[in-house]
There are 2 protein chains.
Amino acid sequence: MGSGPTYRRTRQRDAVLSVLDRFRARRVHPTTDEVYVNVRRTLPRISLATVYRNLDVLAAQGIIQKLGMGCSPVRFDGDPSDHVHIRCVRCGRVDDLDGVHVTPSKDDATTFNGYEVIGLRAEFVGVCDTCRMQHAGKSRTHNDAHRPCSSGGCHAADQGNKN
Amino acid sequence: MGSGPTYRRTRQRDAVLSVLDRFRARRVHPTTDEVYVNVRRTLPRISLATVYRNLDVLAAQGIIQKLGMGCSPVRFDGDPSDHVHIRCVRCGRVDDLDGVHVTPSKDDATTFNGYEVIGLRAEFVGVCDTCRMQHAGKSRTHNDAHRPCSSGGCHAADQGNKN
DNA sequence: ATCTATGCAAAGCTTTTGCAATCGT
DNA sequence: ACGATTGCAAAAGCTTTGCATAGAT
């Protein structure tokens, strides 16, 4: 079928990947904007749109991973390998979860309900230590910008306080 | 801790839930806008903001489920029980997956990496029959409005066509 | 030469919010 | 009464797109 475009190597693409690699070393999963801010240090004239485009291209190539599961903003992982993440519902932070494996895996099925299976997206949700430390209750401090999951609980969230 | 507000019963809330129930019977997982359009048939003057607010309230109560995993727009499930979904990366459609269970489950862990675990969000991604039928290649027809997962593959997507 | 990539600005889409009025308990 | 809820309109946030130019192969 469609073989797609022939990707080219550009300074911008290299710079984006390089930033992703640096984040990867710290096991941090940045948002597009965080990547943008960092790339700017090398290429001050790069545009945000270019960062968006390059992150998508790199993800399409399987060189990096787009963590699209949570609510926006999307985050990326420089490590394309199959591993489980956990996301903080308060601040949006994402961490790797070592030693946790989910079954069935994306390879255990090729069709379901008429769907041709591509993969499984799984991540745990919780509250990170940093957020837990800051008054369990109100404040939503250390990263207020990224509202992780609207207001109402996402998915199989809390429940409990029926009334 | 905070016991939260005392929810009240309103015509709008009832109507939203009733629409969700109807979708549930068909095992369809609507977007906020689809709920809005439907509720309008009963309450023509209801506002979109009210629908957003009510869907969140109902999800916070655990009466319905907010499927926040995929990319926007968010979809809802009138069935609050814990079950696995599969989402079409082409059109965004979501279906229930009977008989599939994911382990570990959200109850298998209470802490990870300093996180206090709330739950696990897991869903398969694939291409639905409808989309597969329409030229495997280009068209993105039957529900073009909802761009499911940006352009680049989400998560552990395709891979393969490295170059 | 051809087709991909870039920058910029504008637009798009989903979702949230401020506020005054209204409704539920 | 008290506080939750509603409508409306505006704003916000993230992401995509059109277009002319520059760049890669």
Side-chain angles (χ1 to χ4, degrees), chain A residues 2-17 30-37 39-40 42-61 66-68 70-76 92 140 143-152 154 163, chain B residues 2-17 30-37 39-40 42-61 66-68 70-76 92 140 143-152 154 163:
Chain A
S3 54
T6 310
Y7 298 122
R8 291 176 184 175
R9 183 166 190 180
T10 65
R11 266 175 313 144
Q12 290 87 339
R13 192 104 88 214
D14 281 348
V16 166
L17 184 53
T31 60
T32 304
D33 202 70
E34 284 161 356
V35 173
Y36 173 58
V37 169
V39 176
R40 259 164 169 287
T42 309
L43 299 173
R45 296 190 55 72
I46 196 173
S47 93
L48 180 56
T50 298
V51 175
Y52 267 99
R53 286 186 280 230
N54 278 322
L55 286 171
D56 273 346
V57 167
L58 292 169
Q61 291 179 107
K66 186 173 187 172
L67 307 181
C71 315
S72 46
V74 167
R75 283 166 185 272
F76 292 86
R140 164 164 300 200
N143 198 348
D144 223 331
H146 316 115
R147 79 173 42 81
C149 282
S150 324
S151 2
C154 266
N163 233 21
Chain B
S3 54
T6 310
Y7 297 121
R8 291 174 183 176
R9 183 165 192 181
T10 63
R11 264 175 315 143
Q12 290 87 340
R13 192 104 88 215
D14 281 349
V16 166
L17 184 55
T31 61
T32 303
D33 201 69
E34 284 161 356
V35 174
Y36 174 58
V37 169
V39 176
R40 260 167 166 289
T42 308
L43 299 174
R45 298 190 52 72
I46 196 173
S47 95
L48 180 56
T50 297
V51 175
Y52 268 98
R53 287 186 280 230
N54 278 321
L55 287 171
D56 273 346
V57 167
L58 292 169
Q61 294 180 103
K66 187 173 186 171
L67 306 180
C71 314
S72 47
V74 167
R75 283 168 185 270
F76 291 86
R140 164 166 298 202
N143 198 348
D144 225 329
H146 316 117
R147 80 177 38 84
C149 283
S150 325
S151 1
C154 268
N163 234 23

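So you know, we letter chains A, B, ... as the sequences are listed, proteins then strands, and number each from 1.
- With a 4.5 Å cut-off on side-chain heavy atoms, A/Phe76 and A/Leu67 do not count as touching.
- Between the CG atom of A/Asn54 and the C1' atom of C/dA5 there is a distance of 8 Å, rounded to whole Å.
- One axis for each end of the helix from C/dA1-D/dT25 to C/dT25-D/dA1, each built from five base pairs, and the angle between them comes to 50° at 10° resolution.
- Between the P atom of D/dC14 and the OH atom of A/Tyr36 lies a distance of 14 Å, rounded to the nearest Å.
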Does the protein touch nucleotides 19-25 of chain D at the base, only the backbone, or not at all? Give it as B, S and - per nucleotide, heavy atoms under 4.0 Å. ----BBS
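- For A/Arg45, counting side-chain heavy atoms from C-beta on, the closest listed nucleotide (C/dT14, C/dC8, D/dT6) is C/dC8.
- OP1 and OP2 of C/dC23 both lie 4.0 Å or more from every side-chain N or O belonging to B/Gln12.
- One interatomic measurement links the two molecules: CZ of B/Arg40 to P of D/dT6, which rounds to 15 Å at whole-angstrom precision.
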Carefully, step by step, assess B/Glu34 and B/Arg75 under the rule side chain to side chain contact (heavy atoms under 4.5 Å, CB included). CA-CA 9 Å; B/Glu34 284 161 356; B/Arg75 283 168 185 270; 4.0 Å; yes
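- Looking at heavy-atom distances under 4.0 Å, B/Leu48 makes contact with a base.
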May I have the step-by-step check of side chain to side chain contact (heavy atoms under 4.5 Å, CB included) for B/Asp56 and B/Lys66, ending in yes or no? CA-CA 8 Å; B/Asp56 273 346; B/Lys66 187 173 186 171; 2.7 Å; yes
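- Using a 4.5 Å heavy-atom threshold, the side chains of A/Leu48 and A/Asp33 count as touching.
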Worked verdict on B/Thr50 versus B/Asn54 for side chain to side chain contact (heavy atoms under 4.5 Å, CB included): CA-CA 6 Å; B/Thr50 297; B/Asn54 278 321; 3.4 Å; yes
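- When atom types are taken as modelled, the side chain of A/Arg40 and the backbone of A/Ser47 share no donor-acceptor pair closer than 3.5 angstrom.
- As a whole-Å value, the separation of B/Leu43 CG from C/dT22 C1' is 15 Å.
- Between A/Tyr52 and D/dT16, a side-chain N or O to OP1/OP2 separation shorter than 4.0 Å is absent.
- Rounded to whole angstrom, the span from the CZ atom of B/Phe76 across to the C1' atom of C/dT15 amounts to 10 Å.
- At least one side-chain heavy atom of B/Arg13 sits under 4.5 Å from a side-chain heavy atom of B/Leu58.
- Here A/Thr50 reaches the OP1 or OP2 of C/dG7: one of its side-chain N or O atoms lies under 4.0 Å away.
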Go through the steps to decide whether A/Thr31 and A/Val74 satisfy the test side chain to side chain contact (heavy atoms under 4.5 Å, CB included), and finish with yes or no. CA-CA 6 Å; A/Thr31 60; A/Val74 167; over 6 Å; no
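- For A/Ile46 and C/dA9, the CD1 to C1' distance is 17 Å, given to the nearest whole Å.
- B/Tyr36 approaches B/Ile46 most closely through the heavy-atom pair CE1-O, 3.5 Å.
- Nucleotide C/dT4 holds its P atom 14 Å from the CD atom of A/Gln61, rounded to whole Å.
- Where B/Arg13 and B/Ala49 each meet DNA chain D at their nearest nucleotide, the meeting point lying more 5' is that of B/Arg13.
- Separating the CG atom of B/Asp56 from the P atom of C/dT14 is a distance of 16 Å, rounded to the nearest angstrom.
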